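Remarks on the structure that follows.
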Amino acid sequence: MKIAALGAVLAAQFTLAQFKQTPLPYAYNALEGSIDAQTMEIHYSKHGAAYASNLNKAIAGTPQEKETIIKILSETSKLSPAVRNNAGGHYNHELFWTILTPEKNTQPSAKLAKAITETFGSMDAFKEKMSKAGADRFGSGWAWLSVDKNGKLFVSSTPNQDNPLMDIVEEKGTPILGIDVWEHAYYLKYQNKRADYLSAIWNVLNWKEVSKRYDDALSKK
Ligand code: MN
């Protein structure tokens with residue numbers, strides 16, 4: 001290959017999409033029983049893919065091309081609705097895939113379990129609060145467990161693809177668990193029964209990952 005052609009190839013690579021989906025860490029059918037294969041496939045390969053690709057389009061030629069997703073989220077008030085929706089969509093889904101797992105009965109770390117009990121009274125009370133946040137979200141959005149600036153846990157909900165890292169949300173923090181309550185996340189299996197989806201998701205929750213994210217969030221305080 002001639003040098004000029006090689007240069008063109010390299011240039012093309014460096015101007016390619018900045019934000020990419022990480023591979024799904026399990027098969028589409030791995031969560032069957034709680035989340036069906038078709039929902040996972042469409043959710044990951046169509047919806048998830050679209051947020052990454054539309055984010056890249058929305059930031060093309062802007063300073064955000066050189067920023068991290070966290071930085072972009074922290075300044076959404078100054079950015080276009082397309083960036084807000086797709087940066088949120090990309091971040092939220094990348095988090096969502098990792099906090100699910102086919103592994104049975106993963107447990108929160110002792111430290112996280114203690115913090116959950118201290119904050120919410122019990123694990124069951126926490127799950128109830130989280131499910132309520134998801135059930136009460138009118139239309140599309142997310143339910144979150146996050147760590148605030150003082151290292152305290154809190155449950156919140158955001159509309160659309162907003163999340164607690166955005167400067168425009170009321171309750172700010174670092175999300176460590178996010179549940180997608182858009183209809184595309186559950187409708188094929190659960191139809192209008194969002195509450196059933198919200199209760200089934202605990203069966204495939206990856207507490208190891210949530211515990212790791214809890215430690216990471218605390219270490220950045
Ligand atoms: Mn989704």
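Numbering of ligands and ligand atoms starts at 1, following listing order. Quick caveat: nothing in here was measured; it's all calculated off a predicted structure.
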Is it true that Lys46 and Glu41 have a side-chain N and a carboxylate O under 4.0 angstrom from each other?
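Glu41 and Lys46: not salt-bridged.
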Starting from the Mn ion (ligand 1), look over the N/O/S atoms of Asp180 and name the nearest one.
OD2
Are Ile42 and Leu31 connected in a single hydrophobic cluster, I mean Ile/Leu/Val/Met/Phe/Trp/Tyr linked by side-chain heavy atoms less than 4.5 Å apart?
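Leu31 does not cluster with Ile42.
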Rounding to 10°, state the angle centred on the Mn ion (ligand 1) that links NE2 in His93 with NE2 in His43.
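Between NE2 of His93 and NE2 of His43, the angle at the Mn ion (ligand 1) is about 100°.
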Look at the N, O or S atoms of His184, main chain and side chain alike, and state whether any lies under 2.8 Å from the Mn ion (ligand 1).
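Given the 2.8 Å cut-off, His184 counts as a ligand of the Mn ion (ligand 1).
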Cut-off 3.5 Å, side chains only: do Asp136 and Ser157 have a donor facing an acceptor?
no
Test of ring centre spacing under 6.0 Å for Tyr187 and Trp182
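Not close enough - the centres of the two rings lie 6.0 Å or further apart.
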